[in-house]
Number of protein chains: 2
Amino acid sequence: MNAHDKVLGTALQLFTRRGYFNTSMRDITRESGVSTGSVYHYFKDKEGVASALYQQLVRRMQQELERIVAQHSSAHDQCRAVVELLFRICQQEPDVMSFMLYIRHREFLPKERPVCSSRPFEMMRDMVADGIRRGEIRPMDSLTAASCLFGGPIRLITLALDGILDKPLNECMDDAWACSWRAVAVS
Amino acid sequence: MNAHDKVLGTALQLFTRRGYFNTSMRDITRESGVSTGSVYHYFKDKEGVASALYQQLVRRMQQELERIVAQHSSAHDQCRAVVELLFRICQQEPDVMSFMLYIRHREFLPKERPVCSSRPFEMMRDMVADGIRRGEIRPMDSLTAASCLFGGPIRLITLALDGILDKPLNECMDDAWACSWRAVAVS
DNA sequence: GTCTATAATGAGATAGAC
DNA sequence: GTCTATCTCATTATAGAC
């Protein structure tokens with residue numbers, strides 16, 4: 001693993017566990033074993049580290065969602081696959097999930113658009129909008145429908161990340177998805 | 001308005017708009033018009049300001065929820081009243097809503113329990129648990145049910161706070177509530 | 001209770017050798 | 001590309017007069 005990636009990996013851990021502002025460049029160099037000089041060779045500044053990390057994770061999410069769109073044809077199947085993906089990431093790589101939808105990027109990445117406006121979230125809303133057009137999902141404002149469909153699962157994810165949930169997330173999958181789909185499905 | 005409350009009001013604005021770590025004690029004294037000495041007379045330190053603010057708002061939410069529990073008897077009516085309350089606060093006092101469910105308290109209030117474990121959130125889960133016992137809400141894990149019921153509205157609130165929502169939140173109320181209730185209601 | 005002046009610290013970032 | 005030593009500066013918090 002090269003120095004560049006070591007820094008990003010360490011930053012992901014520290015930013016999500018302690019928060020961006022509670023993590024000093026010193027912490028990053030110590031934990032990653034990469035010296036100050038090298039860190040600043042690869043990244044312009046501390047914000048540059050966060051920005052690179054953010055873009056890497058958004059790109060990855062986007063690719064995973066593109067695969068889902070390609071593999072499933074109905075809104076029902078696409079959205080369910082998205083929830084399964086989110087739950088899986090949350091369990092297997094909680095730091096990644098945490099950085100994607102828990103951290104307040106705006107406070108330290110003022111130049112980036114808010115996560116909710118990022119491609120992955122747009123794609124999720126597009127799935128729902130298509131579902132409405134096809135008559136799978138009740139006609140209503142698509143942003144409202146997307147919030148109702150994904151809001152429950154996202155809420156469960158934040159509870160899991162906060163350690164409030166007493167059982168593994170995937171055990172909630174069937175009930176949660178049944179509720180989500182019932183909320184918006186036609187008849 | 002006394003110095004104590006002026007500080008809390010200013011802190012609420014600055015913490016929610018710029019973030020806790022992007023707000024210096026200097027900012028608070030300048031914006032509130034209260035001098036450093038006075039701020040430190042009323043509060044132990046910066047964390048003390050945040051802590052007082054947090055407890056004030058949690059107490060307020062708790063009182064509002066107690067009123068709702070007293071005024072409505074079914075889980076349906078109680079939960080709907082909660083969503084109406086949350087939407088109203090989000091529109092009329094976005095800073096308050098932002099501080100309650102958007103800000104990452106854990107990063108600067110390590111001693112407080114996470115918001116999700118606070119009384120108001122517990123009360124919301126209790127309403128749902130009672131609804132299940134009474135047969136109004138489908139039998140399932142009550143945490144899952146509460147997430148499915150309130151997850152959609154909470155998601156809409158975060159979108160509104162992020163400025164993504166293009167219309168006023170209350171216009172989403174009827175659709176959102178219909179989805180929420182359909183998600184968990186019996187038959 | 002309120003104020004100003006200032007001390008003490010720790011952060012981000014740079015310089016420049018290797 | 002990598003490293004250590006160091007600079008610069010903003011921030012929190014205190015001291016002590018009024």
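Protein chains get the first letters and strands the later ones, always in sequence-line order, with residue 1 at the start of each.
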Check whether any side-chain N or O of B/Tyr40 sits under 4.0 Å from OP1 or OP2 of D/dA15, and answer yes or no. no
Look at A/His41 and D/dG1 and indicate whether a side-chain polar atom (N or O) is within less than 4.0 Å of OP1 or OP2. yes
Send over the distance from [X] [atom1] to [N] [atom2], rounded to a whole Å.
X        : N      : atom1 : atom2 : answer
B/Arg30  : D/dA10 : CZ    : P     : 13 Å
B/Phe108 : D/dT12 : CZ    : P     : 14 Å
B/Phe43  : D/dT12 : CZ    : P     : 15 Å
B/Arg26  : C/dT4  : CZ    : C1'   : 11 Å

Residue [X], side-chain atoms from C-beta onward, closest of [options]:
X       : options               : result
B/Met25 : D/dT12, D/dT4, C/dG12 : D/dT12
A/Ser24 : C/dA5, C/dA11, C/dA13 : C/dA11
A/Thr36 : D/dT4, D/dG1, C/dA5   : D/dT4

Check ion pair A/Asp174-A/Arg80 (N to O, under 4.0 angstrom): yes
Please determine if A/Asp27 and A/Arg30 form a salt bridge, counting it only when a charged side-chain N lies under 4.0 Å from a carboxylate O. yes
Is the backbone N or O of B/Val49 less than 3.5 Å from a side-chain atom of B/Lys44, with the two atoms forming a donor-acceptor pair by type? no
Heavy atoms under 4.0 Å, any strand shown: does [X] hit a base, just sugar-phosphate, or nothing?
X       : value
B/Ser35 : base
B/Ser38 : base
B/Thr23 : sugar-phosphate

Result for 5'-nearest mapping on DNA chain C, choosing between A/Gly37 and A/Phe21, is A/Phe21
For the CZ atom on A/Arg26, are there more than 12 heavy atoms of other groups (residues, nucleotides or ligands in this structure) within a distance under 6.0 Å? no
